[in-house]
Colleague: 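Below is one structure. I have some questions about it.
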Amino acid sequence: MITGKLFLVPTPIGNLEDITFRAIRILKEVDVILAEDTRTSAPLLKHFGIDKKVYAHHQHNEHKAVNEIVRFLNQGQNIALISDAGTPAISDPGFLLVRAVIHAGLTIECLPGATAFVPALVNSGLANDRFCFEGFLPVKKGRQTRMKELVTETRTMIFYESPHRLLKTLNEFKVYFGNDRQVSVARELSKIFEENVRGTIEEIISHYQNNILKGEFVICVAGK
Ligand code: SAM
């Protein structure tokens, strides 16, 4: 029997024009779409005329769901995984499924496409020949340990952060990395109010103490 394929399909992080022709074609061709939040993805799918069965695949059901998804793939179904925005499995559900599909000896294709950390890094003007992606810092347990580990990091570090924790995180960076470390904060990438603020940690803190703390943020911090 011919087995199916798992496609990881990036979706826009703000600007709908950032979906690829291939992403649209794959989403139209697969048998089933797995979405992090079916309600969030519905307008996107409708916009591109994609009318498919969509099932929820999120952090609360992915452990349970992976075996069943592998079974569908084994039966020959082609399946696409999308997240709310950007590339699935990058600070989003997907890793467990990818690992299970590889273990089952089945095929995966991750399409190249939108993700927030690449434009944030490139816009930052910080060294990008070597960098490390830190995603979201742990909220409580392990947070200080992670910060301490990063004190000696020489590569540019990339963090995802929510608006309500941005200032707290920048203030902690000040303690661990010092006032003068260069930082770049990308806000609302690819959207109407996109903004990239660059400077020392101290300057960035003062900017965000006096400006809007709304939207989505990526923080890039120069290495030591
Ligand atoms: N899978 C996504 C990716 O490929 O980038 C990341 C999903 S993660 C749950 C969401 C975080 O990504 C946000 O909190 C923010 O840090 C970052 N992000 C997503 N879209 C963004 C945007 N348009 N501008 C800035 N940051 C963004």
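All ligand and atom numbering here is 1-based and tracks the order in the structure.
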Colleague: Suppose we call two aromatic rings close when their centres sit under 6.0 Å apart. Are Phe217 and Tyr160 close by that rule?
Modeller: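 No, they do not, as the ring centres are separated by 6.0 Å or more.
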Colleague: Give the intermediate values and the outcome of salt bridge (charged side-chain N to carboxylate O under 4.0 Å, His left out) for residues Glu188 and Lys214.
Modeller: CA-CA 9 Å; Glu188 296 289 79; Lys214 258 198 205 155; over 6 Å; no
Colleague: Of the protein's non-hydrogen atoms, which lies at the shortest distance from atom 20 (N) of ligand 1, and what is that distance?
Modeller: Glu216 OE1, 3.3 Å
Colleague: Grouping I, L, V, M, F, W and Y whenever their side-chain heavy atoms are under 4.5 Å apart, do Tyr176 and Ile201 come out in a common cluster?
Modeller: yes
Colleague: Among all protein non-hydrogen atoms, which one is nearest to atom 4 (O) of ligand 1, and what is the separation to 0.1 Å?
Modeller: Thr115 OG1, 2.6 Å
Colleague: Please work out whether any backbone atom (N, CA, C, O) or any side-chain heavy atom from C-beta onward of Ala85 is under 4.0 Å from ligand 1, and answer side chain, backbone, both or neither.
Modeller: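 Within the 4.0 Å criterion, Ala85 contacts ligand 1 through backbone atoms alone.
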Colleague: Just verifying a value: how many Å separate Arg187 CZ and Asn211 CG, rounded to the nearest 0.5 Å?
Modeller: 8.5 Å
Colleague: Heavy atoms only: which of Gly215, Ser190, Ala116 lies closest to atom 18 (N) of ligand 1?
Modeller: Ala116
Colleague: Verify the cluster assignment for Ile79 and Leu45: are they in a single hydrophobic cluster under the rule of side-chain heavy atoms below 4.5 Å apart?
Modeller: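 Cluster IDs for Ile79 and Leu45 differ.
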Colleague: Just verifying a value: how many Å separate Leu34 CG and Leu6 CG, rounded to the nearest 0.5 Å?
Modeller: 7.5 Å
Colleague: Going by the ring-ring contact (aromatic ring centres under 6.0 Å, His included) test, which pairs reach into residues 69-126, not counting sequence neighbours?
Modeller: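 Listed once each, the pairs are Phe117-Phe133.
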Colleague: As a check for students: among Ile219, Thr87, Ile158, Val218, identify the option with a heavy atom nearest to atom 26 (N) of ligand 1.
Modeller: Val218
Colleague: Of the side chain and backbone of Glu194, name the one, both, or neither that has a heavy atom under 4.0 Å from an atom of ligand 1.
Modeller: neither
Colleague: Clusters formed by hydrophobic residues whose side-chain heavy atoms approach within less than 4.5 Å: which one holds Val139, and what are its other members?
Modeller: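 Other cluster members: none.
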Colleague: What's the shortest distance from atom 10 (C) of ligand 1 to any protein heavy atom, and which residue and atom give it?
Modeller: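 Looking only at protein heavy atoms, the one closest to atom 10 (C) of ligand 1 is Phe136 CZ, 4.0 Å.
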Colleague: Any carboxylate oxygen within less than 4.0 angstrom of a Lys/Arg side-chain nitrogen, looking at Arg22 and Glu109?
Modeller: yes
Colleague: Is there a nitrogen or oxygen of Gly14 sitting under 3.5 Å from a nitrogen or oxygen of ligand 1?
Modeller: no
Colleague: Which of the atoms in ligand 1, numbered in the order shown and given with their element, are less than 4.0 Å from a heavy-atom of Glu161?
Modeller: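 Near Glu161, meaning under 4.0 Å from one of its heavy atoms, ligand 1 has 14 (O), 16 (O).
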Colleague: Among all protein heavy atoms, pick the one closest to atom 7 (C) of ligand 1 and tell me residue, atom and distance.
Modeller: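 Answer for atom 7 (C) of ligand 1: Asp92 OD2, 3.2 Å.
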Colleague: Mind checking whether Tyr160 has an N or O less than 3.5 Å away from an N or O of ligand 1?
Modeller: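 Looking only at distances, the answer is yes, because the N/O contact criterion of under 3.5 Å is met.
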Colleague: Specify the protein heavy atom at minimum distance from atom 16 (O) of ligand 1: its residue, its atom name, and the distance to 0.1 Å.
Modeller: Phe217 O, 2.5 Å
Colleague: What is the nearest protein non-hydrogen atom to atom 22 (C) of ligand 1, stated with its residue, atom name and distance?
Modeller: Leu189 N, 3.6 Å
Colleague: For ligand 1, is there an N or O atom under 3.5 Å from any N or O atom of Phe117?
Modeller: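 There is no such contact.
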